[in-house]
Every structure is written in C-alpha cells, then in structure tokens.
There are 4 protein chains.
Amino acid sequence: MSYRPVPGDRFSFGLWTVGWQGRDPFGDATRAVLDPAESVRRLAGLGAYGVTFHDDDLIPFGATDAERESHVKRFRQALDDTGLAVPMVTTNLFTHPVFKDGAFTANDRDVRRFALRKTLRNIDLAVELGARTYVCWGGREGAESGAAKDVGDALDRLREAFDLLGAYVTEQGYDLRFAVEPKPNEPRGDILLPTVGHALAFIERLERPQLFGVNPEVGHEQMAGLNVQHGIAQALWAGKLFHIDLNGQNGIKYDQDLRFGAGDLRQAFWLVDLLENAGYDGPRHFDFKPPRTEDAEGVWDSAAGCMRNYLILRERAAAFRADPEVREALSASRLDELARPTLEPGETPAALLADRAAYEDFDADAAARRGMAFERLDQLAMDHLLAARG
Amino acid sequence: MSYRPVPGDRFSFGLWTVGWQGRDPFGDATRAVLDPAESVRRLAGLGAYGVTFHDDDLIPFGATDAERESHVKRFRQALDDTGLAVPMVTTNLFTHPVFKDGAFTANDRDVRRFALRKTLRNIDLAVELGARTYVCWGGREGAESGAAKDVGDALDRLREAFDLLGAYVTEQGYDLRFAVEPKPNEPRGDILLPTVGHALAFIERLERPQLFGVNPEVGHEQMAGLNVQHGIAQALWAGKLFHIDLNGQNGIKYDQDLRFGAGDLRQAFWLVDLLENAGYDGPRHFDFKPPRTEDAEGVWDSAAGCMRNYLILRERAAAFRADPEVREALSASRLDELARPTLEPGETPAALLADRAAYEDFDADAAARRGMAFERLDQLAMDHLLAARG
Amino acid sequence: MSYRPVPGDRFSFGLWTVGWQGRDPFGDATRAVLDPAESVRRLAGLGAYGVTFHDDDLIPFGATDAERESHVKRFRQALDDTGLAVPMVTTNLFTHPVFKDGAFTANDRDVRRFALRKTLRNIDLAVELGARTYVCWGGREGAESGAAKDVGDALDRLREAFDLLGAYVTEQGYDLRFAVEPKPNEPRGDILLPTVGHALAFIERLERPQLFGVNPEVGHEQMAGLNVQHGIAQALWAGKLFHIDLNGQNGIKYDQDLRFGAGDLRQAFWLVDLLENAGYDGPRHFDFKPPRTEDAEGVWDSAAGCMRNYLILRERAAAFRADPEVREALSASRLDELARPTLEPGETPAALLADRAAYEDFDADAAARRGMAFERLDQLAMDHLLAARG
Amino acid sequence: MSYRPVPGDRFSFGLWTVGWQGRDPFGDATRAVLDPAESVRRLAGLGAYGVTFHDDDLIPFGATDAERESHVKRFRQALDDTGLAVPMVTTNLFTHPVFKDGAFTANDRDVRRFALRKTLRNIDLAVELGARTYVCWGGREGAESGAAKDVGDALDRLREAFDLLGAYVTEQGYDLRFAVEPKPNEPRGDILLPTVGHALAFIERLERPQLFGVNPEVGHEQMAGLNVQHGIAQALWAGKLFHIDLNGQNGIKYDQDLRFGAGDLRQAFWLVDLLENAGYDGPRHFDFKPPRTEDAEGVWDSAAGCMRNYLILRERAAAFRADPEVREALSASRLDELARPTLEPGETPAALLADRAAYEDFDADAAARRGMAFERLDQLAMDHLLAARG
C-alpha cells in the first residue's frame, strides 16, 4: 500500500509551520526566512491540497499598501500555478509587542480596537482568497496573576469582539464561519477559553452562535492532559467542529507542535478513526513546527511525515472497523446497547418508575458480574494499528 | 481577629468527607465507620451551616424500606437537634460494582435504567429534606480505551438522562436545580465532561438548560492544570455557578481532596476573592478527605481547618479590595479600561472602520511601550494575603 | 509472524496483578479472590516464565505458622507442576493501616522495626523459592504536608533500613540483590525517591551500594512526565538496572497500571529497543492491573496482551535496527560521532586549549547550518513500528 | 517588621533575569537591551549582594578581544562602585544555533569541542571575578525523538566533559566548584539529567565527584510535578547543594520563571524553612523572568518582590519553629521519633530478630489506631505563614 497524499485527501498546512525559523525561548533562529510562494510550491509538490496563513505570515506587520499588494500578488500567482486552495485564514494578534496583554481582551481599549481593525482587514483578504473558515486563536488573552485580568470583564470584551466580527461578515454577505481555537496556557500563564469545552460553552452566549465553531488543536488539548478523541467528539456532537489542527505532543509540558503521529500515537489513531467515521468533511490541517534541529530539507521531510502518518492511520482505522472479529468484539462490549436509547420511545418518568424490572427486580450483583471485554477489544485495535493481525 | 465560623458563613460538608474511612488503592481503612448523626452534631459544633450526602452515605445500598426509614429518621433528628440544613444532595453511582462502566452512559442499558431509578428515588428524599440543589457527578462515565465508548452515543445517553431528570422535577413541581460536576479522570482513564467548560457546553444542548448548572470542584480543575479562578469566573459569567466544592490539590496527579487552603494557596485566595465579590450566594461546600494518617480527632481538626482557611482568605481579600493603594494599582494596570466596552454604544463595524484613530493613526510601537504594572499589583495582593503590608 | 510467548522470553507477572480485585478509591471489588495456585497455572499456560509476589499476596497478613506453611506448600506445588520460576519477591509495607505513615521511614519507631522484621522474614522465603532479586517499593514513605516529615531524618532512616537488609543477606550468604522502586506520588502526596534518578543517587550513600539497584516502573516515571527510555538508559549506564516493571500509563495522572503497550506506545517501542539492545538480561516483569471493567476471562486477555505487545515491539525494533536505510540515516544524524569520544585519547585540557580548530578557527555559523536529519530518522522508526515500510 | 534586603541576606540575581527582553516563542521583545552596568547599579540599590552571568550576557557572542576587554572593564567598574560580588558564573551553550542539538552531548564532535572551549574560557573569567561556583545548565542536552540520541553514549560524553572541566580547575588550582542544573524539558522535548535526583546520581560516576554538586531551580523541579522541598532536602542530605535558583512556577507547564513567591507559595515557605534551618550557606540566587507585560520599572518591582517574599517567608518560618505549640505538635506527630535511629547502637540483624517486641509481640492493629496529628500541625504552619495565629 502506498501512502502518497493527493489533493482529495484535503491536507493543508499553515505558512507559519514550514516557515518557522526555529526561534525558541532559549535560542535564535536556525533557519532562513522561507518565501511563501516557495512554500506553496513545495507543499503542492508533496501532495497537499491547501495552504493557510496569518496576515503577518504573508504581509509583514506595518507594510505599505504597495508592499501588501505585491506580496498578495506573488502569493496568488503561486496558488494559481499550483492549484492550492486557501481554505482557512487567521490573524496574528500575538507577535507584535503591542499585544503583550492580549488583543480582544487587552486591558488597553485602544489595543482592543486596533486588534479588531487588524482582524477585519484580514477577513476581507481571506474572503478574497476564497477561504470559508476564519480561525481565531487568542494567543495572549490571559494572565499570569490573579488581579491582572477580571475574567468576567474579559469575557464580556471577547463576546463584544466576536459579535462585531459576526455582524461584519453578515452585513458583508460573506460566506465565512469562525473557528475559535482553545489553548490552556503558553505564552500566557493561563489563557481564556482553555479547552474545547470552554470555547463551546462561550459560543452559546454570542449573538450569532451559528457562525461560530471550534478549531481544536491536538497538542493544545493534550497540554491539559485531556483525551483529544473525547474533546473532538464532543465538538462534533455539538455540531461545532469547523476546522482542526493536527500535530503531536508528548504530554503535559510546553507546546511542542511535533509532526502529526509523533507524540501520542494511540490518540492519533483514535482521532483519525473519529474524523473519518463521524462526518467531519473539512480540511485535515497540520499546525506543527519542524524541530529547529532540521535544516531546509528536514522541514519538508517533517511535513511529508504528517501526511504519511495520517494516511497510515486512516488505513489502519478502516481495517479495524471492517474486521468481522472487531464487530463481534464491539458487540460483546455492548457498544450496540450504548447506541440504543435508555428509554422506550416516549417513555415518561412515571412509566420508568412503574417498570419493576428497572429497579425492584433488577439484580445489581448479577449485572455487576458481567465483564465488559474491553481489553480484548483494545488489543484488536492495537493489532490493527500495528498491522499485527493474524 | 477571630476566625470562628458561624452558620451565616454558609459552610457545608458532605457526610462522605468527615466519614471517609481512609481506604485507598493501596491500603485498607484506617478509621471506623462514623455515624451520620454524630457527624451532624460535630459539624454543628464546629460552626457549620449544612450537611450533604449521597444516598448510600445515609442508607446503605440494598437496605430494606424499614432500615431506610430508620436511618432517615435518625438523621432528621440530628438535623432538628442542631439546626443544620441539607442544602444539597447527590447520588452514589460509582461504588457498587454494577457501575463499573458508568451509570447514565454505561454500555449496558439495564444499568442505565437502574441508575436513573436510583437517582429519582434519592431526588424525592432530597426534596423531602429541603435541598435546593442536586449534584450529579458522573464518577465512572468514561473509558480507559478508545473503542470502549462511542463518545457521541454516550453524550446522547447523558442528555437523555438529564432530560428525564429535568422532566421529573418539573412534573413534580420540585424547587430543585441540578449541578453537574466535572472531573477529568480517576477513577476512569478519561471521564466525559472533564472540565467546567465541557459541562457548561453540554448543558446548552439539554431540553431544560435553565435547570442545569455546574458544581466545580477546586481539585478537579487543578487535576487538568487549569486555573480554578478562571473556570469558575466563566461559570459565573454564564450564570451557571449553582454550587461549589472547595478543597485542596497539589497540581496534576491523583485526586487528593486536601482540606481547603492546602494545595495551591494563591489560587484559593483568588477563588475566595471571586466568590465573595462576584455575586455567588450559595453554600461554601467542602468536599475533602481528611488524610488517612489522621484518627477521629484529626478528622475534626481537618474539617475545622477548611473553614478557618476560608475565613482568613476572606478577610485578606476584603482588605486587598479596600486598600486605596490597590485601587490605584488596579487603575495603573488599566482594569477600569477593561471594564469599559471596546465599542462606543451602538458602534457598527462601519463606524469602527471609519475611525482612523483605531488603525491608521494608531502608533502600535508607542502603545507597546506602556508597561502593564502587573508585578506591582500582584505583590500588593501577596502582601495582603500574607498580612505583610506596612 | 506469530507472537506466542515462550519461557525463553523471560516474561513474569506479579500475583497481585492478575489477582487484583478491582477495588479503587471510589469503588468496591468487581472480581473474586484469585487463588495463587490458579494464577500460576494460567500464567504458565499463557507462556510466562515466572511469577512474583508480595508476602501478603501469598500468605494473608496475620496468618498462623500453620496457615503460612499450607499456603507456601500449595504455591510450591503449582510451581513444580508448571515449571514457573520465582525470579523476584517483594514485601507489602502499605496495605495494613499500621503503615499509614510509611514503613522504613514511619515516624513511629516501632512501626519501622516491625517493617524491618516483616521484610527479613520474607527475604528468607524469597531465597527459599529461588529468587535472586528483592524489590523494595516504599509505598507510603512520604508525606502530604511540609512539617510532617523531616526529609533528612527520613533518608537517614531509609539508609539505616537498607544497610540492615544488606548486612543480613551478606551474613546469611544469600545470593540476592535489592532493586529499589521509585514512584513520585500516590498513595502519598509526595513519595521519597520519586524517580529513577533519586533512587540511583540514594544508593550511592549506602554501606553496600553494590547490592542495590533499581526497579523502574514505566508508569511511575511517566507520572512525573519523564521519558522512560531516558531514565532506564541512565540506570543501565550506571550498571543498576536490576529489574523492570512494564506497564502502560496515559500521561500525568493517577497510577493507571494499564497493560504494557497501552498508554504511550512510542515510548514502549523505544524502551523495548533499549532493553533488547543494551544488555539487560533480567526478567520482563509486568506490573499492571487488568481494568476493573474486566471479568475473570478479561484478566487473562489483558495479561496475554502485555506479552503480545512486547513481542510485536521486539520484532519491530529488530527490523528497525537491521534496516540498511536506518543505519544510513543514523549516520546522517551523526549518531556514530556521538559514540566517538570528544577528546583524543589522553588529550589534556592544555592540549584542547592549544587546538585552534576547536575554537579560534571553528566557524560556528557554518556548523549551525548543518541539519540533524532527525525527522527523517524518526519517520523511519515510525514506519517500522507501524510495519509501514515499502 | 520591615522587609528590606541587605547584602548580608546574600541575595543574588542573574544579568539575564532583569535583562530579559521578553522574547517568547510567540512574540518579539517588549523591552530594550539593558546595560549590565546599569543592572549592577540597580540591583545594588535594591539591596542585593551579588550578580551572576552567562558569558554571552556580558560579552556578545563573537566579540573581538578588544570588545571583550571593554565589556569586562565596564562591568568591573560597576562592581567596584557598588560592592556587588560575583558569586557564580555560567556558560551560554544554548542560544547560538550551533548548539541546536546540545553542547557537551551534541552529536557533532566539533560542536562538543567548541562548547568545552567556550566553557574553559569563561571559567577563567569567573575565577578572575572571584566566583566560587560555576553552574552548568545543559540547556539543549536532549532530544525530541527516540533514535536521535543514544542516551548511554550521551552520558559518556557528558562525563567526559565534566571530567575535563574538573581536571582543568584542579590543574589551575582554582577554588571553584561546579553546580549541575537539572531540568526535565524545554527547550528540548526531554533533557538529560531531568531532576535533582538524576544529576546527583550522575555526579557519583565522575572522576572528581567532590568538585560537583547541584544547582536546583524551583520551577524546574515543579515542571516535573516534584516537591521542591523534598528534592533539595535530598541534595542537602547528600552534601551536594552547591547553589540554588529561586523562582516561581504554576505547576506542570512551560517554564514560567515567575518571581520567587509567585506560583506555589506553600512550597516556597517550606523551601525557605529548609534553607534557613538545614545549613545551606550559599547565595539565595533568583533566576526569574519579569513578565514581558512589564516595562523597565516593572522589572525592578519584580526583582524587589523576589527578595521581599523571601524575607517575609523567612520571618514566618522562624516564627513557626520558635512557637512552643508547634514544638508540642511536632512531638505529637512523632518527628522526634523519626530523628531517633531505628536500631539500637550496634544492633545487628540477629539482635533485631531476637527482639520479640519488634514482631511477635507487636500489636499492629493497636499501632494502626494511633493518629499522626498531621492536619493540626499543618494548620499551625498555615497560620504562621499567613500571620493568622492568635
């Protein structure tokens, strides 16, 4: 079986991923600046379908209008030459020191207004380039100390900002939805909307909740020790998985942004299984950082690895789901019973209370003796993941 | 200043906290069974206002109706004698082995039905005893392996269960609201609704969301490395802080249930500051476990410590908020600006776009040079916490 | 390829693993008591080589001498019948409430003396049954609060205890070495000798360091977020890997004791690669807990899965090391240069200072441009792990 | 009580701490370069005793000999003007991209040789300036993937490097000791010698172990979820606490380097209690980063806060130890019994075996009923920490 990606696989990459120069808190850049047009060409050559960016990835902060135009033109040319799509765009509201206390929730009101304007401007470009999803990562919406941020006030400001963005795309008639990206911490000590759950809950208090969903990132959930498959399943259940950032992370520590598959391989397997089987049809977007030990060629090895690992896991998940022994094992573990409603159609509390089988005649000790057979089921999954069946 | 609790402080304790016998995964009980009536009397003597319980804390699983009646009567007598209230009640859906794969989301449908019946029965008792809040902790609603639980199906089952409970209290005309308690893991590898955020989001998909809120537990949020103050502030912002479980935890590890104040003292300070100043008027409920190294007397020292630490922190938070230098420092850190809307009243996207001060004439570099003065503010907080001002 | 274990694979299991009844902090036992003799027979049937135990696993705490004799006899018979070895034995110094504050470092001196006597007694049995390794896990040697344990005093007491044990086996002429097992926390808030490193350091201060090594457990290191491969490599480097406990853990949380392979699969791969290639010749000992959702049959599925996963990973690691492209990639990543000493044979500081190529003529910028090619190498490892080469 | 630091308090700061410009993985510098001489003057003005530095903090990487001389001269002048000492010096082996794969354990041999030379050169300067301690933090001695670093080989290279440094200072007759600084991860995925324990163990395999000790950093231990007081107590117990880095960290996440006292306040209290009472007489060195939200003045507020918090905690710890009720409580918790040897003077294994009181006549159940009274003791500590006694 070959694991060569094709555009139909819907793989996309951020310009900032392959373009990362390797500057970290303790060290200077190890790689040269990468021309966005070159990135487009290399990604297309590897079989990707799309490319995404922050405004400042394409057009340096503070560029003149003429420079801006020239950067966009050059980028468009590369897109036209390669056929790469721009399915998603986002804003950089964290690199310039003006955002040191956040953007939409900065204590300084003029910074908040500037952040909104920077975002509105880039939304226009996003739509121009055909993007359907606009990601909002509140990189520095948070605090390191307790009095520095009144969280209630900050959430009010965040709602105000998102409501304005929703009003704008509605008024403009843009076909664009927003995907909020949660992260628990780093670069701030604690960040608002730290997990998929917090973001989903917040969205429900917006003026136009239907325009807002989430963009979970594998590593961000794992930085809080959470099960990625579970969080993304809840987002899907809520109808809110608008986009996804795939990468790797080795547990609770600094944000590693490893290539997809590196880090927790078993969670990666279950995530692919979920995405392929639960109706997600958006891009498979990689938000990773090729380690700074790599040179320019290593960057492309790392990018190719992301796609290859996804394809391997997709194959293994499909085989797992197709295996008759697995189906039998799922049934032995009563997954079919879980799919069945607990109540009879239309059953009322009174009816349930009247059912003696449910309580008075239920033998709890006997029921407790039934094994769940999860270990056998999980070993079958392991065998499929490792291609060790038979 | 004395730190003696009085009923007006609204401190409550679970029977299972002071009654914990000290059985842990590696060891047998170190303390004898504690009579619930005795707990009521001791708690009242210490200055508590209320007592709470799981059904099985009061009435052993499988008790006959006569035994049940006798246990309840004895407990009521103690309440009457002491004036202690029962502000909250909850169900034990995790100790008996029949719940080994969960309760409302167990793969076995008959277990789910039994769990609903067990809950309904205890809701009647809760109302009888005057409780206004019913806590739902899904102790074992989760999994250790990826195929063992279809999360979408499980969330459907959870919704079904909560909708039934909501229907029941509505039909009965009970004045009772539900508080869902999140926890990331333990005793299951991963638990559904792992954080305050996930629970808040889930509630929005219920039939009667107005009946449902959250019961965050300090240590449960800290087991996911999350900032407790932030999570609870979001619950308050959403109008959903129906109850709270106060205790202590030393970071990301097994569930420690230390007395309140032990563990992360600075987060405890900010939490008290928040509860006292952001309009929470429910009980201050302690869900802790006196360490198993303690004998019977140590249990009461531990319980008294929970209340004492709350009172000390309450005093310090009040002094912090009243200090004119703190007010000046909050202003220097522009907390007042954060409280001010980002937009002018009625300001539209078009109006914002027309404001050149917001973007074209905004000097980002100059704005970036403004210091936030958070360190001075945080040191003032530290000084107040430690009573080291002056 | 078949993955059937045989005794030559040197797989061993603790009686307490398959015999775990599933009691956890929130729930009662889900499985019946398992007869040690039955465990021996089942493990032999699965292809294991050895069985290990705590004194109390075999002989209940407080048994009379006659009961003791009968239990041992019955166990010996099962060993004789099956040919299973007893390569390691250990002491239970944590279940009985007398050990609630520890054993060798309990504040109570009489508890410490009792713990020593309990250990000496079981050492005699260990030797009688042919064990060559005696594991010491200080289950409760720790504290929940700062003043409760003077760590310096406690380490003095621990040294005293180990020195006594060392003196005993020396005087008796026993061919038995001790393996200290580190764990960061649980059941105590913090445990002394929390990692492989702390245990290795401690050993160096004993009277007979040569008799003492470590028994690292996969999950225990991962509970501190540490890389298992690294910690065990340091133990091997120090000549101190006397035994190993294999299991699975999903990151930093409560002690999960999953079957080997579950949890962090990539670390499991590198660990097997290390054990097979770095000269470890002791037992591959599984210290896991079949999840309490399993019934009696599930227990054996779980045990079989431990061995199967080890064999799969052993096969994959061997293929990785044998692949010529991997060898080339290792060389491209300069692993061969790492194996070469930094200094010339006998090179003195003065000689190094005189070498202009090392500093004055070294072009740091040019050297910095060399890529390490780690991503390609790691993808080759991933391909081998997943059997996705070609 | 005033909390004004004086040189006799032995507080020291790294040039890189107050001089940190606020560059982080997601953002550019927020503060201007700070002149080392200015830092010296400001620190002296705040009451510090010493200043420390990496070579590149004082002399930019690649400076000519003339530039170097000028930088050193200017710095010396500031030292002379203020009376500040230079108790410790260290090497920057992580910022320049040439160190992207480490220094003493880089796979490239020429990088390793260069790193040694860079270190030797700076040792000369350290001695010239009167330093008695040389800290070695292996910032990038580690890996992100399993095959990228053979840990056994890497530890051989690390030993070789330290043995060379030990030989050098011995040959030169320098009065200088080395303090190895552990860190679990960041900027590498996993770093060699991740904890105090691993570093202590490693030192024992060096040629001149007496020249080597550790330099634990509060936050580094907490990044592995370890108890700082415990780790540093073990270092003291081993006679190896040569230096210490004080700062703050909020649990397991990226390296925060908060000012001392921020983060885990209770561990900070116990750490100060330990340092003041267990014979540590070295500098109290702060290795923190003023948050990038601060401007130049905020930097000095943050630095002053480090010292103030230490002094407050020192006062509280002294009051705790001096309180007669605390002494009584320590005795009630049998800390005095822990200080007493478990064995009688000269007691042999045989003598212990002959003592029936230790085993045959020991009533384990009765002993188990004794409470440890740790909760009362810990509440007394809390009261002293919070100045809430009486």
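Lettering of chains follows the sequences in order, A, B, ..., and the numbering in each one begins at 1.
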Colleague: Which one, T293(A), I252(A), T30(A), leads in non-hydrogen pairs under 4.5 Å with chain D?
Modeller: T293(A)

Colleague: What distance separates E294(D) CD from K100(A) NZ, expressed to the nearest 0.5 Å?
Modeller: 8.0 Å

Colleague: For chain D, which of Q256(A), K289(A), R188(A), H96(A) has the most heavy-atom pairs under 4.5 Å?
Modeller: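 Highest number of pairs under 4.5 Å: R188(A).
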
Colleague: Flag the pair P25(D) / E186(A) as yes when at least one side-chain heavy-atom distance between them is below 4.5 Å, and no otherwise.
Modeller: yes

Colleague: With a 3.5 Å distance limit and no angle check, can you tell me whether K253(D) reaches the backbone of G189(A) through a side-chain donor-acceptor pair?
Modeller: yes

Colleague: Could you tell me the separation between the CG atom of N250(D) and the CG atom of D190(A), rounded to the nearest 0.5 Å?
Modeller: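 So the gap between those two atoms works out to 6.5 Å.
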
Colleague: With a 6.0 Å cut-off on ring centres, are F26(D) and W137(A) close enough?
Modeller: yes

Colleague: Measure the spacing between CZ of F61(A) and CG of D28(D) and express it to the nearest 0.5 Å.
Modeller: 10.0 Å

Colleague: Is R140(D) salt-bridged to D24(A), going by a charged N under 4.0 Å from an acidic O?
Modeller: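 A salt bridge is present here (some side-chain N lies under 4.0 Å from a carboxylate O).
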
Colleague: Which one of G27(D), P187(D), G139(D) has the most heavy-atom pairs closer than 4.5 Å to chain A?
Modeller: P187(D)

Colleague: Got Y254(D) and D255(A) here, is their nearest side-chain heavy-atom distance under 4.5 Å?
Modeller: no

Colleague: Go through the atoms of A148(D) and report whether side chain, backbone, both or neither lie under 4.5 Å from a heavy atom of chain A.
Modeller: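 Contact with chain A involves no heavy atom of A148(D) at all.
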
